[in-house]
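Position 1 is the first residue of the sequence, and the numbers go up from there.
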Amino acid sequence: MSFQAYLDTIKRLTGKTPEDFKKLAAKKGFLHPEIKAGAIIAWLKEDFSLGHGHAMAIYTVFKGTSEKKIPLEDVIAKHFTGTKAEWKPVFDNLCVKVKKKCGDFTISPVASYLSFLKNEKKFAIVQVTTQRMDIGIKRKGEAISSRFEAAGSWNAMMTHRVKITEARQVDAELLTWLDEAYKAID
């Protein structure tokens, strides 16, 4: 789902535009830089019954109005700090291989993971922990296996999850799955 699609759905569900939410947030004092995302997300969920993704979209609109733009590379780099730093070369290798196998795609970072997008539509995500790199893949109708397990509650937008514990697991089989997910996007 594109960012604009999130905003369109929010308008349909609540009758409010991002500007309407911004005015309401200003009245509640939520636009100050010291206000954390969690407080805003909780407010949007409780008062407007928005899901987490839709609440994050509104928060993103607010954040964009009060903060300067951070370069994409810096936002991506935040996912690989401290003990997660060892996964940065594996991620970079994955990106090179996906680009070679699939073609052009964009990376869209959020707080907890990095989305792989084709035409602004998510086909995969990457989430880094200290112990592994999890890759979520959207492959509706594809059977689960010991390697390509059901994504389940880990990420409801993905159908499968692969746990990468060493660099060599970014292999031809994984790239084929990513390519099939990529090709399924219009």
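- In plain terms, the two heavy atoms of Glu142 and Trp177 that are nearest each other are CG-CH2, 3.2 Å.
- Pairs of residues two or more places apart, or lying in two chains, that qualify as salt bridge (charged side-chain N to carboxylate O under 4.0 Å, His left out) and include a residue from residues 97-107 are Lys99-Asp104.
- Residues satisfying the ring pair (Phe, Tyr, Trp, His ring centres under 6.0 Å) test with Phe48, not counting sequence neighbours, are Phe21, Trp43.
- When all heavy atoms of Asn155 and Ile125 are compared, the closest pair comes out as ND2-CD1, 3.2 Å.
- Using modelled atom types, one finds no donor on one side chain facing an acceptor on the other under 3.5 Å when comparing Asp179 with Thr176.
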Side chain to side chain donor-acceptor pair (under 3.5 Å) between Lys84 and His79, worked out: CA-CA 7 Å; Lys84 297 178 184 179; His79 288 266; over 6 Å; no
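- In this structure, Asp74 does not pair ionically with Lys78, as no charged nitrogen and carboxylate oxygen lie closer than 4.0 Å.
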Derivation and outcome, ring pair (Phe, Tyr, Trp, His ring centres under 6.0 Å), residues Phe105 and Tyr182: CA-CA 9 Å; Phe105 73 99; Tyr182 180 88; 7.5 Å; no
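- Nearest heavy atoms, Ala55 versus Leu44: O-CD1, 3.6 Å.
- By the neighbour-count criterion of 12 heavy atoms within 6.0 Å, atom CD of Gln131 is sparsely surrounded, having that number or fewer from other residues, nucleotides or ligands.
- Around CD of Glu46, the count of heavy atoms belonging to other residues, nucleotides or ligands within 6.0 Å does not exceed 12.
- Counting all heavy atoms, side chain and backbone alike, Ile135 lies closest to Trp154 at C-CH2, 4.0 Å.
- Both Phe91 and Leu72 are members of a single hydrophobic cluster when ILVMFWY side chains are connected at heavy-atom separations under 4.5 Å.
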Evaluation steps, side-chain contact (heavy atoms from CB on, under 4.5 Å), between Glu180 and Arg139: CA-CA 8 Å; Glu180 290 298 322; Arg139 297 268 324 262; 3.4 Å; yes
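- A distance-only check finds no donor-acceptor pair linking the side chain of Glu149 to the backbone of Ser145 [under 3.5 Å].
- Phe80 carries Lys88 over the face of its six-membered ring, with the cationic atom under 6.0 Å from the centre and within 45° of the normal.
- Not one N or O on the side chain of Thr159 forms a donor-acceptor pair closer than 3.5 Å with the backbone of Ala150.
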Salt bridge (Lys or Arg N to Asp or Glu O under 4.0 Å) between Arg132 and Asp134, worked out: CA-CA 6 Å; Arg132 66 178 186 265; Asp134 290 344; 2.6 Å; yes
